[in-house]
Amino acid sequence: MLLHLRNVLTAEELQTAQSLLRDDAPWMEGRISAGSQAATVKNNSQLSQSSAQAKQLQALILSALKRDALFFSAALPRKIFNPLFNRYCGDANHFGPHVDGAVMHSQATGEWVRTDVSCTLFLSDPTSYDGGELLVQDTYGSRGVKLAAGDAVLYPGTSVHEVTPVTRGERVASFFWIESMVRSDEQRRTLFELDMNLLKLRAQLGETPETTALTGVYHNLLRQWANT
Ligand code: NI
C-alpha cells in the first residue's frame with residue numbers, strides 16, 4: 001500500500017527544515033551509509049546524523065508525526081528510525097533500484113529497527129527541480145511519487161525502489177523507517193481500511209450500535225495482531 005500524507009509539516013516547520021538544510025549544512029557522501037548492494041547504485045548526499053541540524057530536524061519531524069492521525073492509523077508505529085536527510089543535485093543526483101535493509105541500526109538511539117514501512121517526506125518545492133521521482137515497484141509496475149514540500153508517502157519496506165536523476169535544481173527530503181506493531185502488510189492494511197471506513201460511517205450516521213460493535217472488532221483484531 002502506498003499512502004499520501006498531506007501537510008505533515010506546518011508551513012513554519014517546513015521553513016525551519018528548509019533553512020537548516022541549505023548548502024552550508026554538513027552534507028556527506030550518501031554511499032557511506034548504504035549496504036553493499038545499495039552502495040553500487042547510490043549517488044546522493046546525506047546529512048551527517050550527529051550534526052546539530054540533524055538533531056533539531058529529527059525532533060521536529062517526530063513531533064509532527066505524533067499529531068498525524070492518518071500516519072498512526074496506517075503505520076501503527078512501534079519504533080520510528082531517527083529521520084535521515086538526503087539531497088540530490090549536481091553530479092550526486094540519483095539512487096538506482098535497491099531494497100532497504102530489513103533491519104537498521106540507529107546511530108542516534110542505538111536501537112535496531114525492523115523496516116516494515118518506509119517513509120519519504122518531501123522538503124523541496126516540486127516545481128523547483130526536474131526528475132527526482134521516487135519510483136516504487138509493486139505488482140502492477142512502477143509507481144512514481146513526487147509530492148508537495150511538507151507531504152510524505154508511506155510505502156512497503158519490502159519494495160524495490162529508486163530515485164530518478166535530478167536534472168535541474170535540488171531535491172531535499174527526509175526518509176526513515178517504521179517498525180510497526182503489526183508486522184504483516186496485509187493485516188495492517190485490513191486494520192487501516194476498517195478504521196477509515198468507520199470514520200466515514202460515523203461522519204454519516206453518528207454513533208450507532210453497529211459502529212460501536214465494529215470499533216470493537218477493530219480493537220479485537222489489533223489486540224490479536226499487535227506486538228508492543
Ligand atoms: Ni531506499
Side-chain angles (χ1 to χ4, degrees), residues 1-21 47 54 56-88 95 100 115-138 140-159 161-164 166 169-182 185 188-204 218:
M1 180 174 81
L2 269 75
L3 183 72
H4 181 175
L5 303 173
R6 289 182 169 77
N7 300 312
V8 173
L9 300 186
T10 64
E12 196 183 331
E13 287 168 336
L14 180 60
Q15 213 170 25
T16 303
Q18 287 171 340
S19 69
L20 286 168
L21 291 170
L47 188 70
Q56 188 179 341
L57 286 165
Q58 283 159 6
L60 181 148
I61 290 172
L62 291 173
S63 82
L65 292 173
K66 265 191 195 147
R67 60 173 189 251
D68 197 305
L70 195 60
F71 170 77
F72 186 86
S73 177
L76 295 169
R78 180 183 184 197
K79 291 183 201 168
I80 302 176
F81 195 93
N82 57 278
L84 302 173
F85 300 87
N86 58 20
R87 180 171 76 157
Y88 296 82
F95 194 165
D100 298 335
T115 58
D116 298 323
V117 182
S118 297
C119 184
T120 296
L121 171 61
F122 290 76
L123 296 171
S124 298
D125 177 348
T127 63
S128 71
Y129 63 95
D130 291 331
E133 263 197 317
L134 172 68
L135 294 184
V136 181
Q137 289 181 19
D138 70 16
Y140 198 70
S142 254
R143 306 272 302 269
V145 185
K146 184 169 176 174
L147 301 178
D151 286 13
V153 61
L154 294 181
Y155 58 101
T158 49
S159 60
H161 55 277
E162 66 187 285
V163 176
T164 63
V166 170
E170 67 171 45
R171 173 200 192 269
V172 175
S174 175
F175 64 103
F176 50 92
W177 301 274
I178 298 109
E179 179 175 316
S180 180
M181 290 188 280
V182 175
D185 260 347
R188 214 181 309 114
R189 189 187 180 128
T190 300
L191 289 167
F192 180 65
E193 284 177 4
L194 187 52
D195 192 23
M196 290 300 105
N197 282 291
L198 265 168
L199 275 178
K200 287 183 195 156
L201 275 182
R202 273 212 174 81
Q204 288 166 18
Y218 174 89

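In this text, all values refer to a predicted model and were calculated from it rather than measured experimentally. Numbers here simply count residues along the sequence, with the first being 1.
Closest heavy-atom contact between T164 and G131: OG1-C, 3.9 Å. A pairwise comparison of heavy atoms in D185 and P156 identifies OD2-CB, 3.7 Å as the closest pair. Shown here for S159 and V136, the closest heavy-atom pair between the two residues is OG-CG1, 3.5 Å. Taking all atoms of both residues into account, the shortest heavy-atom contact from L123 to S174 is CD1-N, 3.9 Å. Residues F122 and K146 approach most closely at CE2-CA, 4.0 Å, considering heavy atoms. Here the closest heavy-atom approach between residue S180 and residue D116 is recorded as N-OD2, 2.8 Å.
Under the side chain to side chain donor-acceptor pair (under 3.5 Å) criterion, E193 pairs with R189, sequence neighbours left out. For Y155, the ring pair (Phe, Tyr, Trp, His ring centres under 6.0 Å) partners at least two apart in sequence or on another chain are H161. Every residue meeting the side chain to side chain donor-acceptor pair (under 3.5 Å) condition with E13, not counting sequence neighbours, appears here in chain and number order: T10, R67. For F95, the ring pair (Phe, Tyr, Trp, His ring centres under 6.0 Å) partners are H98, not counting sequence neighbours. With sequence neighbours excluded, the residues forming a salt bridge (charged side-chain N to carboxylate O under 4.0 Å, His left out) with R202 are E207, listed by chain and number. E170 pairs by the salt bridge (charged side-chain N to carboxylate O under 4.0 Å, His left out) definition with R87, not counting sequence neighbours. With sequence neighbours excluded, no residue forms a ring pair (Phe, Tyr, Trp, His ring centres under 6.0 Å) with F85. With sequence neighbours left out, R171 forms a side chain to side chain donor-acceptor pair (under 3.5 Å) with no residue at all. Under the rule for a side-chain contact (heavy atoms from CB on, under 4.5 Å), the partners of Q56 that lie at least two apart in sequence or sit in another chain are T16, L20. The side chain to side chain donor-acceptor pair (under 3.5 Å) check on S63 picks up nothing, with sequence neighbours excluded.
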So L47 and L84, side chain to side chain contact (heavy atoms under 4.5 Å, CB included) or not? Walk me through it. CA-CA 7 Å; L47 188 70; L84 302 173; over 6 Å; no
V153 and H4: CA distance, side-chain angles, deciding distance, side chain to side chain contact (heavy atoms under 4.5 Å, CB included) verdict: CA-CA 5 Å; V153 61; H4 181 175; 5.8 Å; no
Check step by step if side chain to side chain contact (heavy atoms under 4.5 Å, CB included) holds for E133 and V163. CA-CA 5 Å; E133 263 197 317; V163 176; over 6 Å; no
Intermediate values then yes/no, side chain to side chain contact (heavy atoms under 4.5 Å, CB included), L134 and R143: CA-CA 8 Å; L134 172 68; R143 306 272 302 269; over 6 Å; no
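If you take OG1 on T190 and CZ on R188, they are separated by 10.5 Å, rounding to the nearest 0.5 Å. Here N82 contributes atom CG and W177 contributes atom CH2; the two are 9.0 Å apart, rounded to the nearest 0.5 Å. If you take OG on S142 and CD on Q137, they are separated by 4.5 Å, rounding to the nearest 0.5 Å. A distance of 5.0 Å separates CG in L57 from CG in L21, rounded to the nearest 0.5 Å. Rounding to the nearest 0.5 Å places CG of D138 at 7.0 Å from CG of L2. To the nearest 0.5 angstrom, Q15 atom CD is 12.0 Å from L9 atom CG.
Side-chain contact check for N86 versus F175: some heavy-atom pair is nearer than 4.5 Å. Using a 4.5 Å heavy-atom threshold, the side chains of I178 and L154 count as touching. At least one side-chain heavy atom of L62 sits less than 4.5 Å from a side-chain heavy atom of P83.
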Side-chain polar contacts of residues 69-80 - donor-acceptor pairs under 3.5 angstrom, sequence neighbours left out - could you list them?
from	atom 1	to	atom 2	distance (Å)
S73	OG	D195	OD2	2.7
R78	NH1	E179	OE2	3.0
K79	NZ	W112	O	2.8

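Listed by first and then second residue, the side chain to side chain donor-acceptor pair (under 3.5 Å) pairs involving residues 118-127 are D125-T127 (not counting sequence neighbours).
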